[in-house]
Structures are given as C-alpha cells and as structure tokens.
Number of protein chains: 2
Amino acid sequence: MLRTREGLRPGDHVARVGDDFRGLFAVRAGCFKSYVIDMDGREHVKGFHLPGELMGIEGISVGRHATNITALENGVICDLRYDELLRISAREPSLQEHLLRLFARRIAEQTRRTGDYSADEKMAAFLLDISMRYAERGRAAELLDLFMARRDIANYLSLATETVSRVLTRFQKRDLILVNRKRVKLLRIERLREIAAALTDAG
Amino acid sequence: MLRTREGLRPGDHVARVGDDFRGLFAVRAGCFKSYVIDMDGREHVKGFHLPGELMGIEGISVGRHATNITALENGVICDLRYDELLRISAREPSLQEHLLRLFARRIAEQTRRTGDYSADEKMAAFLLDISMRYAERGRAAELLDLFMARRDIANYLSLATETVSRVLTRFQKRDLILVNRKRVKLLRIERLREIAAALTDAG
DNA sequence: CGATAGGTTGACGGTTCTCAAGGGAGGTGG
DNA sequence: CCACCTCCCTTGAGAACCGTCAACCTATCG
C-alpha cells in the first residue's frame, strides 16, 4: 500500500489532470503545488502542500485526477492506494472516521477561504495559514520559508504578482514582517491577525 | 436516524455557527443558504442548497457547525445523525465509499470554484451550475427559478448586487437569457458555456 | 560574465465598488 | 380597495482598488 517516491525535482509532476485516480499522495519531504490550466490557457493555483499533508483528494469523486500536482523543491512522497485504504477502513471504523474527518476538514478550510477579501486581508491570512501549518509540524511559526514563487502566491490568492510584491513591501514598512527574498519573518502576528480578521468567522 | 422537520419558513435557521454538530441535513423541499458573519460584521454566503442535497458538512471536522443555515423558502429537511451514519457505514462498506465520494465531490466542486474570474464568467458559471443541479433532479434545465435575492447571489460570487444586476441586464440585451424578477430563462446555453469556459479546466 | 528568470517599483487604466436616486412588487392597515 | 410602506431591484455617475504595461534591479547558473 505504501510506495515511496524519492528524488522528485522541482517541476516534476506527481499527477496530471485526467490521470487515472489510483490513490492519494502524502508529502514526506519538500513542497508541492496543485493547479489547473483553464480553457483559456490560464493557470489557477489551487493549493500548496507541505510535509505531512495529503494531496489529490479532488480526484476521488470522478476517478480521475482533477489537478496537476508538481514539486516546488526536491521532494519525497508516499502513494496511498485508495482501494486498499477503503479495504482497511472497512474493517477499522476509527480509520474510516479519521478519513471522513480529514475530508471534512478540507471542506471546512476551503469554505473559509471562499469569500470577498482585500489584497491585504488575503495576504495576512495566507502568511498566518502557512505559519500555522509550520507550527503544526513542529517548525517555528514566525520564520517562514515561502517555497513558492510570488507568481504562485499571487495566482493562489487571485492577485497580480505586482500586488503581492507591493503588499509585502507595505507590511514591511509597517514593521509587521521582515522580507528577504523567500524568507519572511513575522514580527507582529497579532496585528496580522487583526488584518486577517475578515476571514475569521464570528458567527 | 431520520427525523423530518417540516414547515420551515423563510428566515428560519436550521443551524447556527457554533451549534453542536450532531449530523447532516438533507433538503427535502425548499431552498436554503449557508453563510457566516465575519469579525467585521460582513456576511459571506457560502452556498445554496436545493432539494436532494446535503448541508452542514463543514461542521464535522470541529464538532461544531461552521456556517449558519437558513431557509429561503418554505422548506422541509431531514436530520441525518452523524454517529448513526458512522455506525451503519462501519458495517456497510458501500455506504462508506458513498460518503467519501460525496465529500470528495464537494471538495472538487469547491476547488473548481476558487480562482480569479470576471463578473461575466462568474455569473455564467453560476447560472449553468443552478441549471445543472435542476436537471440532475429532473427539472427543466433552461427555466431557472432564482430563489435567492440578488444580494445573496452577489455575495456568493464576491460581487456587488449592482454588478449582478448589470450583468444580467447585459446578458439579456445579448439575448443569452430572459430575466423576469426571479425567473431566468436560458436562451443560448452554448454561448453561456463559452463565457464560463474560464472556469472549465482543460488540464 | 552574459543570459535568464524572478522580484520590485512606478505610471496608467479598467473593472468593479460605492454612493445616490428612482421604480416595482408585495404586504399591511385604514 | 387603495394608500402607504418597505424591501428589492435597477440604473447612473464617480471613485477606488487592483491589474496591466513597462522599466529596472537582483539572484542564479552555465
């Protein structure tokens, strides 16, 4: 059930839209992005995937992969064959529940992300999201390594790369963050939370 | 496991953010919307729910409802207790698989919806989405009954109500649709598909 | 060291939002 | 039954945010 694929290089593809869906992918090392190309030829970044996270869920419902998945750094992944996953979870109710909860969490995250927000709000929420995911895996929450290109961040947030650049500059001028190429240090997380508050539900 | 709640009136709430999550809701009759209020007091419409569809999935992962759900028309729903659902599906692998597929489909739909699109593209895709869901339930695909207010459509699509109004007017002037208050007739579905093509993945 | 890709910054313009006013539809009470 | 109210929808004018275009800078790599 667990096949490991090592030695993935930046730009290597783990899956492509239309590929037969055989299972999910677990990130062991490196960072990945999932994206699609629309009928107009435009790219749409759908998500970033850090070590410890699962990729490829969108493919289950139709039996084919719904996104392209590519490595942003050198990476290692694990194949989780879906038929075996189902077989095991049929005997192991706790795994079944875990799977459903996992899927449900993804739905909840996406639901939170949809909505109408300003460039500042989106950027603050994005930085905090990456920070939180770092922290969950035991890494420092204040020192981020933005492994993806500005273009990818921009695309993911539905902004122009220039806007991402400008917002980061603005945040730095306000002493909220410290930017050095792909390294970002969060100086005033509380203030960032306030800016991102629009994405936080009160009820 | 199946408790039916009838006689829901427009504005009645099925769930509120923070409510204990006990189970999902199946729409039997009427139409519903789910939404949240953010920390700034702004409303964000997260989805519309037609007869035959499930609501409340976002609440599973944290054990509390993540959205408010309210009736837009007179409605009837069914409560599906989650603990019983799990218990049954532990014995019935086909139900388990069905559930996972259902969740995965929701993830795929949301994934498709995220991205950067113009007002025309969003509106065309929205009309086609409602049309498709009508057709799936055996109703005419060309004659839509937009049971929600313009304000809700606008909010859902991250547009201003004025923009929704203008786009509909523009579509009508181009003979793509015929609008009469909440009734919309799709005259040239193919052309709408072309406009919404940006939301259709090519790979 | 030159080439290339990625990132930053500035000027300008466009799509969409905001503000404002007016028109209908439906409900309520006299 | 009609006046009146309210909510919703539509339309117009102006503004704002962000995207586009363009130039320049910086890192990386052969």
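Throughout, protein chains are lettered first and strands after them, A, B, ... in sequence-line order, and every chain is numbered starting at 1.
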Verify whether the ring centers belonging to Phe147(B) and His49(B) lie closer than 6.0 Å.
-> no
Check: His65(A) ring centre within less than 6.0 Å of Phe25(A) ring centre | yes
Check this one for me: any side-chain N or O of [X] less than 4.0 Å away from OP1 or OP2 of [N]?
{"X": "Thr161(B)", "N": "dC8(D)", "answer": "no"}
{"X": "Thr163(A)", "N": "dG19(D)", "answer": "yes"}
{"X": "Ser118(B)", "N": "dT15(C)", "answer": "no"}

Can you tell me how far [atom2] of [N] sits from [atom1] of [X], to the nearest Å?
{"X": "Leu146(A)", "N": "dG6(C)", "atom1": "CG", "atom2": "P", "value": "16 Å"}
{"X": "Tyr117(B)", "N": "dT16(C)", "atom1": "OH", "atom2": "C1'", "value": "18 Å"}
{"X": "Arg150(B)", "N": "dG24(C)", "atom1": "CZ", "atom2": "P", "value": "16 Å"}
{"X": "Phe147(B)", "N": "dC8(D)", "atom1": "CZ", "atom2": "P", "value": "16 Å"}
{"X": "Met123(A)", "N": "dC18(D)", "atom1": "CE", "atom2": "C1'", "value": "15 Å"}
{"X": "Arg151(B)", "N": "dT18(C)", "atom1": "CZ", "atom2": "P", "value": "15 Å"}
{"X": "Arg9(A)", "N": "dC29(D)", "atom1": "CZ", "atom2": "C1'", "value": "14 Å"}
{"X": "Arg183(B)", "N": "dG24(C)", "atom1": "CZ", "atom2": "C1'", "value": "18 Å"}

Has the side chain of Thr70(A) got a donor or acceptor atom that lies under 3.5 Å from a matching backbone atom of Gly11(A)?
-> yes
Assign each of Arg181(B) and Val164(A) the nucleotide of DNA chain D bearing its closest heavy atom; nearer the 5' end lies the nucleotide of Arg181(B)
Mind checking if [X] touches a base, just sugar-phosphate, or nothing, with heavy atoms under 4.0 Å?
{"X": "Ala119(B)", "result": "sugar-phosphate"}
{"X": "Leu159(B)", "result": "sugar-phosphate"}
{"X": "Lys182(B)", "result": "sugar-phosphate"}

Asp20(A) with Arg64(A): basic N within carboxylate O range, under 4.0 Å = yes
In terms of side-chain geometry, is the basic nitrogen of Glu109(B) or Arg106(B) positioned less than 4.0 Å from the acidic oxygen of its partner?
-> no
Between Glu162(B) and Lys173(A), who's closer to the 5' end of DNA chain C by nearest nucleotide?
-> Lys173(A)
Choosing from dG19(D), dT9(C), dT18(C), which nucleotide comes nearest the side chain of Ser165(A)?
-> dT9(C)
Hey, does the side-chain of Arg166(B) have a donor or acceptor N/O within less than 3.5 Å of a partner on the base of dT18(C)?
-> yes
